[in-house]
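In this text, all values refer to a predicted model and were calculated from it rather than measured experimentally.
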Amino acid sequence: MRYIIPFFLIVLCSGSLNTRTCYGQQKSGVEMILTNIRKSDGLIQIGVFRSEKGYPDKPAYNFSLGKDTIKNGTLRFFIPVDKPGLISLCVLDDDNRNTKMDYVLGIMPKEGFGFSNNPKISLRGAPPFSVTSFNFYGGVREISIRMIYMR
């Protein structure tokens, strides 16, 4: 499934606002803080995985959002999560808005990326689901992901 996160969701759930009261009611989900974003153009693509199925290229849910609320290379937003369980997040700084990672010579990523738990990255590919996943118990969980740029 593909979702476009509306601008009002990003504004209402960013900064110092308490995400537990977004839209005036209790919410369950992940408040994401992306850091080290280099440019303000393009889109941020977020893949949400609930299991190893499809990881890391075919997420159960996929969100896209603009970068118009970036402050000092940091972007905050809220992703609603409907039920507890394992979650893994993959993030792409999609400079050219083509919804996929672009590579130099087929191996070196041209665009920024990041994963939940900020694992060490190798040129062998994405870290395993078991390394990037975390238990979500409900309520609001804050996750910080530092974007990585290989070039």
Any carboxylate oxygen within less than 4.0 angstrom of a Lys/Arg side-chain nitrogen, looking at [X] and [Y]?
X	Y	answer
Arg76	Glu31	yes
Arg50	Asp82	yes
Lys39	Asp95	yes
Asp57	Lys100	no

- prompt: Do the side chains of Ile70 and Leu65 join up, straight or via other hydrophobic residues, at under 4.5 Å, putting them in one cluster?
  reply: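 Linked, Ile70 and Leu65 end up in one cluster.
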field: Cluster overlap Ile121 with Tyr103, hydrophobic side-chain contacts below 4.5 Å
entry: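 Linked, Ile121 and Tyr103 end up in one cluster.
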message: Could you report the tightest heavy-atom contact between Ile107 and Pro109, atom names first, then the distance?
response: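 Closest approach of Ile107 to Pro109: O-CD, 3.4 Å.
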Smallest separation among heavy atoms of Pro59 and Gly47, with atom names: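 Looks like CB-CA, 3.7 Å.
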- prompt: For Ser144, does its backbone N or O pair with a side-chain atom of Asn118 as donor and acceptor, under 3.5 Å?
  reply: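 It does hold such a pair.
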query: Do Thr35 and Met147 have side-chain heavy atoms sitting under 4.5 Å apart?
result: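 Thr35 does not reach Met147 side chain to side chain.
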task: For the residue pair Val30 and Leu89, establish whether any side-chain heavy-atom pair is separated by less than 4.5 Å.
output: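 Side-chain contact under 4.5 Å: yes.
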query: Parallel, tilted or perpendicular: which describes the rings of Tyr55 and Phe129, with under 30° parallel and over 60° perpendicular?
result: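 Rings of Tyr55 and Phe129: perpendicular, as their planes differ by over 60°.
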- request: Show your working on side chain to side chain donor-acceptor pair (under 3.5 Å) between Asp93 and Tyr149 and close with a plain yes or no.
  value: CA-CA 9 Å; Asp93 186 353; Tyr149 298 85; 2.5 Å; yes
